[in-house]
Student: 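I'd like to ask some things about the structure below.
Worth knowing before you read on, the calculation uses all heavy atoms, side chains too, and leaves out hydrogens, waters and symmetry mates. Just so we're on the same page: letters track the sequence lines, and every chain starts at 1.
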Protein chains: 2
Amino acid sequence: MFVHPGVVPSADEPRHAYHHGDLRAALLDAAVALIAEGGLPALSLRECARRAGVSHAAPYRHFVDKDALLLAIARQGFEWLADAAEAAMARHKDPVERLDAYGVAYVRFAADHPVHHRVMFSASLGTAAHEHEGEDRAFDLLLAAARDVVGASGADPLEAALAAWSLTHGLTMLILDGRVPARLAGTPAQAEALARRVIAQWRGPLLARVVEDPSNASTSRRVPSGGRRPKPKSRG
Amino acid sequence: MFVHPGVVPSADEPRHAYHHGDLRAALLDAAVALIAEGGLPALSLRECARRAGVSHAAPYRHFVDKDALLLAIARQGFEWLADAAEAAMARHKDPVERLDAYGVAYVRFAADHPVHHRVMFSASLGTAAHEHEGEDRAFDLLLAAARDVVGASGADPLEAALAAWSLTHGLTMLILDGRVPARLAGTPAQAEALARRVIAQWRGPLLARVVEDPSNASTSRRVPSGGRRPKPKSRG
DNA sequence: GCCCCCATGTTGCCGCCGTCAACATGTTCG
DNA sequence: CGAACATGTTGACGGCGGCAACATGGGGGC
């Protein structure tokens with residue numbers, strides 16, 4: 001049996017275990033493992049079935065086709081992402097800090113679940129199925145945070161959200177594609193720290209404050225000779 | 001013949017036209033068209049051969065395998081990207097403006113050549129072949145621009161480059177994946193304008209100036225009630 | 001000017017894959 | 001107890017990537 005205990009049973013699918021223990025979960029697990037080993041093109045339903053110890057057509061009793069399996073992984077990922085972002089934001093009151101927390105949680109989530117992130121944003125699905133409930137939830141969280149940040153300034157919250165999403169999404173993709181030196185993002189913890197520094201580097205005029213402390217905004221007028229690169233002194 | 005005149009012969013491969021006019025270029029064209037129509041999974045060497053009017057094994061005389069064809073597309077894309085970035089940066093002297101120009105050119109390139117960008121950053125190749133000459137050239141340009149921006153401030157140029165790359169790369173991926181409303185990025189020109197606004201939104205303490213005009217840096221201390229969203233008055 | 005060689009393209013084959021249809025089995029419930 | 005249904009199996013089909021063996025024709029050596 002390849003069903004390792006890490007599997008969260010997702011609590012919204014048939015629980016009955018007829019012949020196999022929980023084939024659906026086993027297939028999802030095998031799929032994630034396959035993608036982790038050889039990327040998306042390495043995923044095959046037949047190999048998943050093999051690893052789950054069932055025949056090559058058994059998966060079709062749980063997923064209408066290959067894309068449905070990928071969709072299930074993506075859905076799970078969006079749920080986890082929304083949960084992580086929500087929890088991270090809940091630890092802050094300041095709008096900017098909440099937006100930062102979202103971004104850091106985003107990168108951290110991708111570092112912790114690289115396969116899920118890759119599947120969530122794989123072009124295969126892309127336009128096909130943009131109706132994940134979790135995706136809407138994650139995006140609504142981001143949009144609300146952006147709205148709080150821009151406040152009544154008249155700036156477009158959607159574009160602010162897009163800008164924040166772009167930064168963290170781009171960093172995430174570069175890390176996951178191995179284009180960031182391992183020294184900077186070799187572990188999820190390093191990736192998270194890098195995300196904090198990258199976000200801090202970009203803090204801009206729209207947000208009208210320095211990340212470290214709202215009171216000393218004047219330091220943003222010139223290149224600070226020191227005190228730059230604020231150590232994320234365990235905020236939260 | 002499916003060889004439309006848009007094909008740039010790439011000028012570094014055997015020019016002799018034995019039986020087919022220029023099968024290699026025809027295959028590359030067909031591959032790009034296939035990916036444009038149905039994404040990466042829609043690419044098949046056999047369909048490329050069919051569209052080029054040759055037998056299913058003919059492509060193997062020009063590409064050792066499917067990945068080699070994708071690699072050729074990626075290489076072409078990196079060359080184009082480096083050229084575009086170089087040209088865009090050459091129109092500016094100010095370091096920050098040069099870095100901005102790089103980012104805008106990056107997004108514009110991806111909007112103009114979505115298939116190439118997708119292939120360039122497809123996970124399939126990823127770790128396999130990071131030795132595109134064009135990729136090094138494009139990254140070196142970015143790194144040099146970042147170095148000029150951070151100057152002697154002591155900031156890590158690599159991390160600054162990474163931050164800039166993250167923002168534009170993320171925006172690019174979101175646009176290409178259809179996650180940005182068509183109203184904001186339906187055409188390459190719109191995507192370019194959006195890139196300018198997104199970059200401007202993030203201008204931060206490290207760069208210590210407002211994008212519009214270096215002299216009015218004080219407007220960055222408060223959320224500007226007006227004058228935000230600077231119309232990109234055809235800089236250059 | 002001739003011929004041979006090799007780059008180019010073809011045919012045929014293999015195994016793998018996604019997917020479907022037909023069949024088998026075991027569970028649940030009337 | 002038996003029927004209906006969910007689950008899993010077997011076998012088949014066409015498409016694909018890739019290899020080997022064969023065909024061809026153009027250009028360079030003589």
Student: Run the salt-bridge test on B:Arg51 and B:Glu47 with the 4.0 Å N-O cut-off and return the result as yes or no.
Tutor: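 Here B:Arg51 pairs with B:Glu47 in a salt bridge, since their nearest N and O are under 4.0 Å apart.
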Student: Tell me the interatomic distance from B:Glu47, atom CD, to D:dC16, atom P, rounded to whole angstroms.
Tutor: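 Answer to the nearest Å: 7 Å.
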Student: Between C1' on C:dG9 and CZ on B:Arg50, what's the gap in Å once rounded to a whole number?
Tutor: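 These atoms are roughly 16 Å apart.
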Student: So, does A:Arg118 use its side chain to make a donor-acceptor pair with the main chain of A:Leu176 at under 3.5 Å?
Tutor: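 At least one qualifying donor-acceptor pair exists.
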Student: Measure distances between side-chain N and O atoms of A:Arg24 and base N and O atoms of D:dT7, and say whether any donor-acceptor pair falls under 3.5 Å.
Tutor: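 No such pair is found, so the answer is no.
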Student: Pick the closest DNA chain D nucleotide for B:Ser44 and for A:Val54 by heavy atoms, then say which residue is nearer the 5' end.
Tutor: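 Closer to the 5' end of DNA chain D: A:Val54.
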Student: Just say parallel, tilted or perpendicular for the rings of B:His169 and B:Tyr106, cut-offs at 30° and 60°.
Tutor: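 Perpendicular.
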Student: When you get a sec, tell me which of D:dG17, C:dT10, C:dG18 is the closest nucleotide to the side chain of A:Leu45?
Tutor: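 Taking heavy atoms from C-beta onward, the closest nucleotide is C:dG18.
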Student: Does A:Arg137 come within less than 4.0 Å of A:Asp83, counting only side-chain N to carboxylate O?
Tutor: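 Salt bridge: yes.
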Student: Between the base of D:dG15 and the side chain of B:His56, is one N or O donor paired with an acceptor at under 3.5 angstrom?
Tutor: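 Per atom types, no contact qualifies.
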Student: Could you tell me how far apart A:Asp65 (CG) and D:dG15 (C1') are, to the nearest whole angstrom?
Tutor: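 Between C1' of D:dG15 and CG of A:Asp65: 16 Å.
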Student: Using a heavy-atom cut-off of 4.0 Å across all strands, would you classify A:Leu43 as base, sugar-phosphate, or nothing?
Tutor: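 Counting heavy atoms under 4.0 Å across all strands, the contact made by A:Leu43 is with sugar-phosphate only.
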Student: Would you mind reading off the distance between A:Leu27 atom CG and C:dG18 atom P, rounded to a whole angstrom?
Tutor: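 Those two atoms, CG and P, are 12 Å apart.
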Student: Indicate, with a heavy-atom threshold strictly under 4.0 Å, whether A:His62 touches base, sugar-phosphate, or nothing.
Tutor: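 If one applies the 4.0 Å heavy-atom cut-off, A:His62 turns out to touch the sugar-phosphate alone, with no base involved.
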Student: Over how many whole Å does the gap from B:Asp67 atom CG to D:dG18 atom C1' extend?
Tutor: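 Those two atoms, CG and C1', are 13 Å apart.
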Student: Rounded to the nearest angstrom, tell me the gap between atom OH in A:Tyr60 and atom P in C:dT19.
Tutor: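 Answer to the nearest Å: 4 Å.
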Student: State which of C:dG9, C:dT19, D:dT9 makes the closest approach to the side chain of B:Ala58.
Tutor: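 Closest nucleotide to the B:Ala58 side chain: C:dG9.
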Student: Please tabulate, one pair per line, all N/O donor-acceptor pairs under 3.5 Å involving side-chain atoms of residues 53-63 of chain B, not counting sequence neighbours.
Tutor:
none

Student: Using heavy-atom distances to pick each residue's nearest nucleotide on DNA chain C, tell me which of B:Pro59 and A:Val64 is more 5'.
Tutor: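 First, find each residue's nearest nucleotide; the 5'-ward one identifies B:Pro59.
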Student: For B:Ser55, answer base if it contacts any base atom (sugar-phosphate contacts may also be present), sugar-phosphate if it contacts only those atoms, and nothing otherwise; contact means non-hydrogen atoms under 4.0 Å.
Tutor: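 Touches a base.
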Student: If you only use heavy atoms from C-beta on, which nucleotide in D:dG18, C:dC17, D:dG8 is closest to the side chain of A:Leu23?
Tutor: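 Closest of the options to the side chain of A:Leu23: D:dG8.
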Student: Which nucleotide sits closest to the side chain of B:Ala57: D:dA20, C:dC13, C:dC17?
Tutor: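 Closest of the options to the side chain of B:Ala57: D:dA20.
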Student: In this structure, how many angstroms lie between the C1' atom of C:dG15 and the CZ atom of A:Arg46, rounded?
Tutor: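 Nearest whole value for this atom pair: 11 Å.
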Student: Choose from D:dG17, C:dA22, C:dT10 the nucleotide whose nearest atom is closest to any side-chain atom of B:Arg61.
Tutor: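 Nearest listed nucleotide: C:dT10.
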Student: Please report the distance, rounded to the nearest Å, between CG in B:Leu34 and P in D:dG15.
Tutor: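 Going from B:Leu34 (CG) to D:dG15 (P), I get 15 Å.
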